[in-house]
Amino acid sequence: MTPIRALWTAAAAAVLLACGGASAAELKTVTLLQPVPQIDIRNAPWAVAEQKGYLAEEGLKVQIQTVKGASVLIQQIVNGSAQYGMPPPENAVVAYSKGAPLKFFFGFTSRSPFPLAVLEDGPIKTIADLKDKTIGLHSLTAVQFYTTQAILSSADLKLDRDFKLVDVGAGPAALKALQTGQVAALATNTLNYAGFENRGAKFRYLMSPQVAPIFGWSMMTSSAYLEANRAEAVGMARAFNRGQQFCREEPKACIAAYYKKFPETLPPGVSDEQAAKDQERVLASFLADAPKPDGQPWGYYDPKAWTAVVDYMLATGQLDKAVDPAGLYTNDLLADINGPSRPRT
């Protein structure tokens with residue numbers, strides 16, 4: 001048995017102890033949607049929360065499902081097909097402006113995870129250097145279609161007039177497109193960039209002040225579901241928060257829990273040890289975009305960040321008119337989320 005698989009076995013035994021022998025039948029199953037094509041490291045805190053018994057302490061079992069983008073996620077939240085999701089804010093703001101009853105209640109990725117990446121030793125040094133260049137996106141329907149335009153607008157560059165966007169995917173083909181000069185820059189996310197760095201790539205990152213405060217993934221549900229299930233939502237976020245803090249303190253054990261929960265994410269042809277080592281960089285990148293807010297509890301939403309989201313969406317044509325985002329989020333649950341687990345009855 002390899003050291004990592006031995007750790008997985010030990011983790012499974014620890015869960016039984018932590019849960020006090022509680023059966024799955026005693027736990028309420030809820031669905032959490034992730035707006036990505038496949039499971040990645042952002043789900044590691046959920047794996048820890050399950051295997052350390054944090055979710056069981058809250059009386060919960062979380063079923064994670066991936067969906068094709070935030071628009072699909074929001075539709076399923078609104079129609080009740082799922083209870084929770086962790087999308088970036090843009091599609092939710094658009095839906096909210098049209099009357100969708102949504103509520104974000106625990107912020108996580110407080111820095112934009114969507115910078116542009118160029119080769120460290122390449123000719124592109126500044127955003128202005130991307131004039132008349134082609135930029136590769138992992139999808140032309142992804143939020144990077146807009147964040148990229150906003151980043152380049154800081155150098156007065158406009159889509160089609162001054163640069164082009166093409167779909168290059170998010171895997172090895174995207175990195176090859178950059179390395180061969182097919183594109184001058186990539187626009188995906190910091191998790192993918194960290195994966196490319198594991199393959200030896202070295203990047204320079206380009207970001208603008210307009211996009212830097214645009215936060216990424218955080219927890220939301222429908223307003224009605226939150227009102228009817230406040231204690232459950234607190235328990236969900238509290239278990240996740242304990243999981244992400246564990247990942248900061250014990251990254252190796254966190255990654256072991258992740259691979260135990262999601263063995264399908266183990267790359268083929270790579271040893272368990274190498275896979276875990278590679279994933280450390282990706283996990284560190286994920287957590288670096290989610291620092292604890294200065295002087296505030298975990299999960300805090302800065303009203304100025306929401307205003308920045310609306311401003312950037314107006315500038316990139318995602319919104320036709322301004323919307324007040326105050327009703328789209330709440331910090332009212334944070335005292336309980338950051339407090340002790342509720343006693344099980």
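Here the structure is a predicted model, which means the values were calculated and not measured.
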Let's go through Glu58 and Met236 carefully: what are the C-alpha distance in whole Å and the side-chain angles of both, what is the deciding distance for side chain to side chain contact (heavy atoms under 4.5 Å, CB included) to 0.1 Å, and is it a yes or a no?
CA-CA 7 Å; Glu58 306 290 349; Met236 277 279 291; over 6 Å; no
Looking only at non-hydrogen atoms, find the nearest pair between Ala155 and Ile127 and report the distance.
CB-CG2, 3.8 Å
Can you tell me if CD on Gln179 sees more than 12 non-hydrogen neighbours from other groups inside 6.0 Å?
yes
Test side chain to side chain contact (heavy atoms under 4.5 Å, CB included) applied to Met313 and Val94, step by step:
CA-CA 9 Å; Met313 292 181 67; Val94 172; 3.5 Å; yes
Which atoms form the tightest heavy-atom contact between Gln51 and Lys261, and what is the distance?
NE2-CB, 3.5 Å
Is it true that a side-chain atom of Arg238 and a backbone atom of Pro340 form a donor plus acceptor pair closer than 3.5 Å?
yes
Ring-plane angle category for Phe203 and Phe196, please: parallel below 30°, perpendicular beyond 60°, tilted otherwise.
perpendicular
Can you label the angle between the Phe286 ring and the Trp217 ring as parallel, tilted or perpendicular, going by 30° and 60°?
tilted
Val168 and Tyr146: same hydrophobic cluster, using ILVMFWY side-chain contacts below 4.5 Å?
no
Could you please spell out the steps behind the side chain to side chain contact (heavy atoms under 4.5 Å, CB included) verdict for Leu130 and Phe163?
CA-CA 7 Å; Leu130 290 169; Phe163 64 93; 5.7 Å; no
Using a 3.5 Å distance criterion without hydrogens, assess whether the side chain of Thr188 forms a donor-acceptor pair with backbone atoms of Ala170.
no
NZ (Lys131) with more than 12 external heavy atoms under 6.0 Å
yes
Work out which heavy atom in Asp320 is nearest to a heavy atom in Leu314; give both atom names and the distance.
C-CD2, 4.3 Å
Ring-ring centroid check Phe108 Phe240, cutoff 6.0 Å
yes
Out of curiosity, does Ile214 fall in the hydrophobic cluster containing Val36 (side-chain heavy atoms, cut-off under 4.5 Å, transitive links)?
no
Does any N or O in the side chain of Lys125 come within less than 3.5 Å of the main-chain N or O of Gly122, such that one atom is a donor and the other an acceptor?
yes
Nearest 0.5 angstrom please: Ile124 CD1 to Asp129 CG, how far?
5.0 Å
Approximate separation, where rounding is to 0.5 Å, of Tyr96 OH and Tyr329 OH:
10.0 Å
Closest approach of Ile39 to Tyr258 (non-hydrogen atoms, all atoms of both residues):
O-OH, 3.8 Å
Set out, in order, the CA-CA distance, both residues' side-chain angles and the distance that settles ring pair (Phe, Tyr, Trp, His ring centres under 6.0 Å) for Trp306 and Phe215, then state yes or no.
CA-CA 8 Å; Trp306 279 96; Phe215 56 90; 4.9 Å; yes
Taking the side chain from Asn43 and the backbone from Pro45, do they hold a donor-acceptor pair closer than 3.5 Å?
no
Do the side chain of Ser153 and the main chain of Ala150 share a donor and acceptor less than 3.5 angstrom apart?
yes
Between the side chain of Asn338 and the main-chain N/O of Ala335, is any donor-acceptor distance below 3.5 Å?
no
Out of curiosity, does Met207 fall in the hydrophobic cluster containing Ile135 (side-chain heavy atoms, cut-off under 4.5 Å, transitive links)?
yes
Short side-chain donor-acceptor distance under 3.5 Å, Thr109 and Asp289:
no
Below 4.0 angstrom, N of the basic side chain to O of the carboxylate: do Glu57 and Arg242 qualify?
yes
CG of Leu206 to CD1 of Ile151, rounded to nearest 0.5 Å, is 8.0 Å
So does Thr31 get a backbone contact from the side chain of Gln83, meaning a donor-acceptor N/O pair under 3.5 Å?
yes
Count I, L, V, M, F, W, Y as connected when their side-chain heavy atoms are under 4.5 Å apart, and connections chain through other members. Are Phe104 and Trp46 then in the same cluster?
yes
For Ala44 and Cys254, the nearest pair of non-hydrogen atoms, with its separation, is CB-SG, 3.7 Å
Run the side chain to side chain contact (heavy atoms under 4.5 Å, CB included) check on Val234 and Ile337 step by step: do they pass?
CA-CA 5 Å; Val234 166; Ile337 290 171; 4.1 Å; yes
Going by atom types only, do Ser218 and Tyr301 share a side-chain donor-acceptor pair under 3.5 Å?
yes
Could you check Gln318 against Thr316 for side-chain hydrogen bond (donor to acceptor under 3.5 Å, both in side chains), going step by step and ending with a plain yes or no?
CA-CA 6 Å; Gln318 297 176 74; Thr316 53; 2.9 Å; yes
Any donor-acceptor pair under 3.5 Å from Arg111 side chain to Ala288 backbone:
yes
To the nearest 0.5 Å, what is the distance between CG (Leu165) and CG (Leu137)?
5.0 Å
Donor-acceptor pair, distance only, cut-off 3.5 Å: does the side chain of Asn229 make one with the backbone of Tyr225?
yes
If I take atom OH from residue Tyr84 and atom CD from residue Glu232, how far apart are they, to the nearest 0.5 angstrom?
3.5 Å
Hydrophobic cluster membership, Phe145 vs Val166, 4.5 Å side-chain cutoff:
no
Taking Lys292 for the side chain and Gln296 for the main chain, is one N or O donor matched with an acceptor at less than 3.5 Å?
yes
